[in-house]
Student: 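Quick one: the structure is below, and I'll ask about it shortly.
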Amino acid sequence: MSPDYDLVIIGATTAARVAAIEAVKLRARVALVFPHSANCQPHPQRDLYPHALAQIAATNRPNQIRLKQPASYPWKYASLAIDRIEQQSSPALLAAIGVDIVFGTGEFCRRPQLAFQIDSRSLRARAYLVATGSIPAYPLIPGLQEIGYLTIDELPTLIDRAIPLQWVIIGEEAIGVELAQTLVRLGCQVTLIVATEQILPYEDPDLAGLIQAQLEADGVKIYLDALVTTVNSDGKSKLVSLGAETISVDEIFIALPDRPVVEPFNLVGVGIEYNEKGILIDKKLRTSHPQIYACGSVCGNVLGGYRSNSLTEYEAKIAMRNALSWRKTKLDYNSYNNLPWAVYTDPPLARVGMTISTATDGKHQDLVILEQYFKNCTQAVLANKTIGSCQIIVTRKGQILGAAIVGQNAPELIQILALAIQHRLKITDLTTFPSLSPSYSELIDRTAQQWVEIDRPQNTWFKCLFNWR
């Protein structure tokens, strides 16, 4: 009996939707399963919620928000913005382009033949793609489950109740750092507690220190290398204990690493291997079952230690093509470094490729770090946004290996350097490309121009000519 579909995709995540859209472009018969349970259906745009809140914080002062707008105004604005983004890949839109949308939580079954069973319906296909994503893990902190806490998935529920004024954020995930700055700029009192020696532990210490200094200047109280021992309540407030010190707050937000959504789908029953980090896959994104593929954070794959929409979309396209084609493409894990990553604080931090810490660890003697500060950028001076710097890592031959930018428009600027790394451009190629002035892209040109000063003394022909004269 021939299968009903070419590809069945399980998940409501961005990766699942991207794979479905790309498969339809190849004229494949596609079914997309949206699980009913909230425990296995993370909101595809949930990571954008703090960014939407940040737009309100950036354009209004806290007293203006509280005096001129209702207390729930920032949360309503954020929810409306997320809803508009969600409509770009809504089930109705996917159905309109030819994707068969199926609602319901099911599981894999292997008899009489491999299928994904939802109630009495069996979805049979040539191949399957698991893109269920990940959800917040349960923190092992005594008393926390009883007292209650918020995660990124529950932030939208604040629309329906009074917005807490005192917050404690526990965890080193980038989403916690972003939310801490946003909340304090909305007029809240925020305490950030991380178990690592610095915030943003995967970033260069100097760059993370610059972000930390800005957070503290905004009013965020930060505890480094600290562990929460217990959580209690006095009837009015939640009490968070760090050893001998106790912090009284209205709400607790958890920003710890997620756990993959694997339990409800009977993966063991069809021989799919997984562990606490996620589903085990090979370089072709294929699981231990030859017909089932997986991609995204359900596999535990993260970019530089954090979740990344760029990475999940990149994997989704490769997994979809491998599932539908007899020619399999191996995932180039080195290309992960070519995907840019950003922390959307103010100022934002963005990086691509090799990190500054790796370049300065003493094992790479042939690397040069070029650096230029925002205070030397015309547009930054005009806009009074002079905090930050641009660093580019190059080899002695001028090959660009990585870059890190902290400052205004860093996420947009890093795209230029990511493109340069992807196309194997050299730093001299950036020096010959004219940049607009005033503009923030001028900063990249000024950073690249430093290579001319460094490269000239190393040029043997130039040295011989100079000595002869």
Side-chain angles (χ1 to χ4, degrees), residues 2-35 40-42 44-45 86 88-91 93-103 106 108 114-116 118 123-134 260-262 265 267 270 272 274 278-303 307-336 338-339 422:
S2 61
D4 301 324
Y5 300 99
D6 296 314
L7 180 64
V8 170
I9 305 171
I10 300 98
T13 60
T14 300
R17 302 181 192 212
V18 167
I21 293 172
E22 293 297 319
V24 169
K25 292 179 181 178
L26 298 179
R27 298 183 179 180
R29 297 168 298 166
V30 184
L32 178 58
V33 179
F34 279 69
C40 55
Q41 188 180 356
Q45 313 297 344
E86 172 68 7
Q88 298 175 6
S89 59
S90 65
L93 182 61
L94 293 174
I97 65 174
V99 179
D100 188 5
I101 305 297
V102 182
F103 292 93
F108 283 103
L114 181 65
F116 193 79
I118 300 178
L123 303 179
R124 295 176 295 107
R126 291 167 45 199
Y128 301 82
L129 175 59
V130 180
T132 50
S134 56
V261 180
V262 295
F265 307 110
L267 300 183
V270 290
I272 298 179
Y274 64 90
I279 297 176
L280 303 181
I281 54 175
D282 59 16
K283 291 185 178 181
K284 300 175 183 178
L285 294 173
R286 184 168 48 193
T287 67
S288 48
H289 192 290
Q291 288 180 259
I292 303 176
Y293 294 75
C295 67
S297 57
V298 71
C299 306
N301 294 335
V302 291
L303 178 64
R307 297 190 308 271
S308 169
N309 289 334
S310 300
L311 177 59
T312 56
E313 292 180 15
Y314 171 73
E315 287 187 343
K317 294 176 181 179
I318 293 181
M320 179 275 304
R321 292 192 182 97
N322 286 346
L324 295 177
S325 173
W326 61 270
R327 296 182 62 180
K328 309 298 182 184
T329 301
K330 288 186 178 181
L331 190 67
D332 183 10
Y333 286 95
N334 292 328
S335 64
Y336 281 7
N338 298 337
L339 297 175
Q422 182 180 5

Student: Is it true that Tyr293 and Asn322 share a donor-acceptor pair across their side chains at a distance under 3.5 Å?
Tutor: no
Student: Is there a side chain to side chain contact (heavy atoms under 4.5 Å, CB included) between Ile292 and Leu114? Walk through the geometry before answering.
Tutor: CA-CA 10 Å; Ile292 303 176; Leu114 181 65; 4.2 Å; yes
Student: Between Cys295 and Ala15, which heavy-atom pair has the shortest distance, and what is it?
Tutor: SG-CB, 4.2 Å
Student: Report the C-alpha separation of Val18 and Lys317 in whole Å, then their side-chain angles, then the decisive distance to 0.1 Å, and conclude whether the side chain to side chain contact (heavy atoms under 4.5 Å, CB included) test is met.
Tutor: CA-CA 7 Å; Val18 167; Lys317 294 176 181 179; 4.0 Å; yes
Student: Do you know which two heavy atoms are closest between Ala115 and Arg124, and how far apart they sit?
Tutor: CB-CG, 3.7 Å
Student: Indicate yes or no: at least one non-hydrogen side-chain atom of Glu313 is less than 4.5 angstrom from one of Thr14.
Tutor: yes
Student: For Arg321, check salt bridge (Lys or Arg N to Asp or Glu O under 4.0 Å) against everything at least two apart and list the hits.
Tutor: none
Student: Checking Phe34 against Leu32 for the side chain to side chain contact (heavy atoms under 4.5 Å, CB included) test, could you report, in this order, the C-alpha distance in whole Å, the side-chain angles of both residues, the deciding distance, and whether it holds?
Tutor: CA-CA 6 Å; Phe34 279 69; Leu32 178 58; 3.2 Å; yes
Student: Using a 3.5 Å distance criterion without hydrogens, assess whether the side chain of Tyr5 forms a donor-acceptor pair with backbone atoms of Asp100.
Tutor: no
Student: Do the non-hydrogen side-chain atoms of Val33 and Leu123 ever get within less than 4.5 Å of each other?
Tutor: yes
Student: Please report the closest heavy-atom contact between Arg17 and Pro91, naming both atoms and the distance.
Tutor: NH1-CD, 4.4 Å
Student: Using atom types as modelled and distance alone, determine if a side-chain donor or acceptor of Thr13 lies under 3.5 Å from a backbone N or O of Ala131.
Tutor: yes
Student: Please state whether the rings of Phe265 and Phe116 are parallel, tilted or perpendicular, taking 30° and 60° as the class boundaries.
Tutor: tilted
Student: For the atom pair CZ (Arg327) and NZ (Lys284), what is the distance rounded to the nearest 0.5 Å?
Tutor: 12.0 Å
Student: How long is the span from the CG atom in Asp6 to the CZ atom in Arg27, to the nearest 0.5 Å?
Tutor: 13.0 Å
Student: Testing the basics here: between Gly106 and Ile118, what is the closest heavy-atom pair and its distance to 0.1 Å?
Tutor: CA-CG1, 4.0 Å
Student: Please find the pair of heavy atoms, one from Leu129 and one from Ala19, that lie closest to each other, and give the distance.
Tutor: CD2-CB, 3.6 Å
Student: For residues Thr287 and Ile279, report the shortest heavy-atom separation together with the two atoms involved.
Tutor: CG2-CG2, 3.7 Å
Student: Answer whether the closest heavy-atom distance between the side chains of Ile21 and Leu94 falls below 4.5 Å.
Tutor: yes
Student: Who passes salt bridge (Lys or Arg N to Asp or Glu O under 4.0 Å) against Lys25, sequence neighbours left out?
Tutor: Glu22
Student: Just verifying a value: how many Å separate Asp282 CG and Lys328 NZ, rounded to the nearest 0.5 Å?
Tutor: 10.0 Å
Student: Val262 pairs by side-chain contact (heavy atoms from CB on, under 4.5 Å) with which of Ile272, Leu267, Thr132?
Tutor: Leu267
Student: Rounded to the nearest 0.5 Å, what separates atom CD1 in Ile281 from atom OG in Ser288?
Tutor: 11.5 Å
